[in-house]
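Naming: A, B, ... by sequence-line order, numbering from 1 per chain.
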Amino acid sequence: AQSVSQHNHHVILSEAASLELGCNYSYGGTVNLFWYVQYPGQHLQLLLKYFSGDPLVKGIKGFEAEFIKSKFSFNLRKPSVQWSDTAEYFCAVNDLPGNTGKLIFGQGTTLQVKP
Amino acid sequence: ETGVTQTPRHLVMGMTNKKSLKCEQHLGHNAMYWYKQSAKKPLELMFVYNFKEQTENNSVPSRFSPECPNSSHLFLHLHTLQPEDSALYLCASSLRGAADTEAFFGQGTRLTVV
């Protein structure tokens with residue numbers, strides 16, 4: 001079965017520090033990849049997605065992610081974090097053949113940014 | 001505002017109770033989903049409905065019974081639940097039930113089974 005692994009469960013950074021959150025998936029075929037964010041008290045919302053094309057994708061709020069097929073990875077990055085980036089971040093994947101829209105999520109990474 | 005509304009936001013129920021969770025979307029989407037988020041576990045898909053038809057049941061126990069009367073509404077009927085069913089239940093919708101569509105999530109119903 002497909003699985004998604006997020007290596008960092010809890011990350012604490014100071015403002016202006018750079019961020020990289022790891023995400024690896026297990027499926028060897030074609031996949032679509034997503035990063036979702038959940039700010040405190042709010043709903044899950046999409047940060048960015050990769051379907052095809054340029055493996056470096058840019059999302060909202062200065063986030064970007066790079067799809068490296070050979071490493072089965074889709075790491076999330078931001079050059080300089082802000083206090084408002086404090087949230088929980090989820091990597092998700094779905095596989096293409098016959099997919100119903102089902103997303104498989106990683107366990108999430110809690111990011112705490114200190115002012 | 002997400003466009004996907006879940007009610008109630010919080011629910012406490014006994015193991016012999018019957019209750020229902022409701023989800024409504026105003027996005028014109030045709031696919032709706034139930035996910036379960038338990039403590040320290042990844043979000044886990046429960047059911048998928050595409051154009052009102054159930055297209056996926058992720059081996060969910062029969063004490064959870066979904067209903068999708070139309071593309072805008074999704075229910076999760078609960079009966080004889082166990083304490084381990086306590087979790088955050090998230091509803092989502094997407095334009096269609098396919099891989100290349102973005103899912104929009106509601107804020108969830110926090111369920112506690114006592």
Side-chain angles (χ1 to χ4, degrees), chain A residues 1-10 21 23-27 29-53 57 59-60 65 67 87-110, chain B residues 1-6 9-10 23 25 27 29-60 66 68 71 74 88-110:
Chain A
Q2 253 201 75
S3 65
V4 177
S5 176
Q6 291 183 239
H7 318 299
N8 321 98
H9 296 298
H10 198 146
L21 301 182
C23 173
N24 286 90
Y25 61 94
S26 63
Y27 185 66
T30 306
V31 292
N32 292 327
L33 298 152
F34 306 81
W35 275 97
Y36 280 84
V37 62
Q38 188 170 30
Y39 297 104
Q42 296 189 29
H43 62 277
L44 268 171
Q45 55 187 287
L46 185 70
L47 259 185
L48 47 80
K49 61 190 178 190
Y50 173 80
F51 288 167
S52 64
V57 293
I60 60 171
F67 170 51
E88 191 156 14
Y89 293 80
F90 297 90
C91 181
V93 61
N94 59 30
D95 55 329
L96 282 179
N99 188 273
T100 58
K102 169 183 178 179
L103 288 169
I104 297 169
F105 283 87
Q107 285 194 298
T109 298
T110 301
Chain B
E1 180 57 48
T2 173
V4 180
T5 304
Q6 290 186 243
R9 294 289 307 278
H10 300 271
C23 177
Q25 57 94 3
L27 300 170
H29 290 168
N30 296 299
M32 297 188 77
Y33 312 78
W34 281 116
Y35 284 86
K36 176 182 178 182
Q37 187 175 27
S38 304
K40 302 193 186 301
K41 291 177 68 175
L43 272 95
E44 185 178 10
L45 179 83
M46 300 175 74
F47 302 102
V48 181
Y49 278 82
N50 195 25
F51 291 93
K52 302 189 297 179
E53 299 297 320
Q54 188 181 114
T55 54
E56 187 143 2
N57 176 337
N58 195 26
S59 303
V60 180
C68 188
S71 292
L74 184 66
L88 181 67
Y89 289 85
L90 291 173
C91 174
S93 72
S94 65
L95 187 59
R96 59 183 185 279
D100 59 348
T101 56
E102 174 187 345
F104 291 77
F105 286 82
Q107 289 195 290
T109 295
R110 174 71 62 188

When you compare the side chain of [Y] with that of [X], does any pair of heavy atoms fall below 4.5 Å?
X      : Y     : answer
B:F105 : A:Q42 : no
A:K102 : B:N58 : yes
A:L103 : B:Y35 : yes

With sequence neighbours excluded, residues passing side chain to side chain donor-acceptor pair (under 3.5 Å) with B:Q107: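 Expected list: B:R9.
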
Test side chain to side chain donor-acceptor pair (under 3.5 Å) applied to A:Y89 - qualifying residues, sequence neighbours left out: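 Residues passing side chain to side chain donor-acceptor pair (under 3.5 Å) with A:Y89: none at all.
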
Side chain, backbone, both or neither of B:S94 within contact of chain A (heavy atoms, under 4.5 Å):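 Neither part.
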
Contact class of B:A103 relative to chain A, heavy atoms under 4.5 angstrom: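 Contact with chain A is through both the backbone and side chain of B:A103.
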
Smallest separation among heavy atoms of B:P42 and A:Q107, with atom names: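 In terms of heavy atoms, the two residues are closest at CG-CG, 3.5 Å.
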
Shortest non-hydrogen separation from A:F90 to B:L43 and the atoms involved: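 The pair with the smallest heavy-atom distance is CE2-CD1, 3.8 Å.
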
Winner by heavy-atom pair count (cut-off under 4.5 Å) against chain B, out of A:G108, A:G106, A:A92: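 Most pairs with chain B among the choices: A:G106.
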
Distance, nearest 0.5 Å, that separates CD of B:Q37 from CD of A:E88: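 B:Q37 atom CD to A:E88 atom CD measures 6.5 Å (nearest 0.5 Å).
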
